[in-house]
Protein chains: 2
Amino acid sequence: MSKTGKKAVELERAANILKLLGDKTRLTMIKILDNHDACVCEFVEIFKTSQPAISQHVRKLKDAGLVRETRRGQWIIYSLNRDSEYFPLIEDLLLHLPSQDFRLKELEEQGLRISCE
Amino acid sequence: MSKTGKKAVELERAANILKLLGDKTRLTMIKILDNHDACVCEFVEIFKTSQPAISQHVRKLKDAGLVRETRRGQWIIYSLNRDSEYFPLIEDLLLHLPSQDFRLKELEEQGLRISCE
DNA sequence: TATACATATAACTATTCGCTTATATAATAA
DNA sequence: TTATTATATAAGCGAATAGTTATATGTATA
């Protein structure tokens with residue numbers, strides 16, 4: 001492919017990553033995962049939405065290679081894939097976002113975080 | 001508003017900015033504007049799409065405060081708004097994208113860039 | 001003034017997106 | 001084995017998105 005073609009494709013792929021992150025639920029997930037791994041059931045509590053909705057969001061992040069899943073018993077733990085080609089971009093981006101750790105704190109206060117461990 | 005509420009809103013607004021940038025046409029526009037101001041007719045040539053489509057894209061960027069317009073005769077010149085609250089985030093982000101200046105070079109070779117000056 | 005040019009806006013359409021409900025899969029516990 | 005829990009997948013629906021064509025606005029020029 002031509003050099004300019006490569007640059008256009010590279011930019012389009014970055015645009016697709018930004019589109020993925022351009023959703024408050026997924027962006028919050030990524031910001032949380034930057035500090036703590038989490039399972040689907042925790043996200044369900046945090047976002048107060050349905051389990052399928054959460055599964056669909058994490059699947060998109062996984063398909064793009066931004067997160068990894070690790071099964072631990074019944075649970076599937078999601079973590080940030082720091083080997084992703086886009087991880088450096090994402091890290092820079094996350095620096096501009098306010099910490100969302102208060103969301104995990106709220107779960108802990110309700111005793112809901114422990115349920116996945 | 002509560003402190004956590006503010007953080008949630010702040011993140012949601014950032015997600016909306018990323019959604020705007022999560023389109024290859026708009027992301028390329030912003031990357032180009034980081035180095036050179038441009039008018040609608042140039043973008044029409046660059047993206048080989050209709051004038052209304054381009055106008056609608058730049059309007060979204062303008063509504064979000066990411067770009068500014070300046071009328072110069074018949075033309076309206078668009079430029080990056082470096083005073084935007086989100087400019088620091090955008091600058092960091094653009095560092096990870098390949099230069100799109102080849103697109104302007106192609107225009108110059110065709111003598112199409114001069115038409116707006 | 002009349003015409004051409006640059007841009008904006010409006011209305012419409014096809015596609016994409018995120019959610020819902022229902023169901024399937026997988027692991028654990030009784 | 002059966003029941004329970006955690007997660008995934010599929011199908012369907014309403015809202016949002018990006019493009020189109022047609023038209024309006026604003027500026028320059030003959």
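Letters A, B, ... are given to chains in the order of the sequence lines, protein chains preceding strands, and every chain is numbered from 1. Model, not experiment: these values are computed from the prediction.
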Checklist outcome for this item: When every non-hydrogen atom of B:T25 is compared with those of B:D23, the smallest separation belongs to N-OD1, 2.9 Å

Item to check | A:V40 side chain near A:Y78 side chain, heavy-atom distance below 4.5 Å | outcome: yes

Checklist entry - For the side chain of B:H57, counting heavy atoms from C-beta on, which of C:dT7, C:dG18, D:dG19 is nearest? => result D:dG19

Next on the checklist: For A:A8 versus B:R103, what's the shortest heavy-atom pair and its separation?
Outcome noted: CB-NH2, 3.4 Å

Checklist outcome for this item: Readout for nucleotides 20-29 of chain C: B = base within 4.0 Å of protein heavy atom, S = sugar-phosphate only, - = neither; 5' to 3' it is BBB----SS-

Next on the checklist: Under 4.0 Å, heavy atom to any atom of DNA chain C: which of residues 9-26 of chain B qualify?
Outcome noted: none

Checklist entry - Side-chain contact, heavy-atom cut-off 4.5 Å: A:I76 with A:V58? => result no

Item to check | Where A:R26 and A:L20 come nearest, the two heavy atoms and their spacing | outcome: NE-O, 2.7 Å

Item to check | Distance below 4.0 Å between B:Y78 side-chain N/O and C:dA8 OP1 or OP2 | outcome: yes

Next on the checklist: What contact category does B:F47 fall into here, base, sugar-phosphate, or nothing, at under 4.0 angstrom with non-hydrogen atoms?
Outcome noted: nothing

Checklist entry - Does some side-chain heavy atom of B:I46 sit less than 4.5 Å from a side-chain heavy atom of B:E106? => result no

Next on the checklist: Taking the side chain as everything from C-beta on, heavy atoms only, tell me whether B:T28 gets closer than 4.5 Å to B:K31.
Outcome noted: no

Checklist entry - Which part of the nucleic acid, if any, lies within contact of A:K60, taking any heavy atom under 4.0 Å across all strands shown: a base, the sugar-phosphate backbone alone, or nothing? => result sugar-phosphate

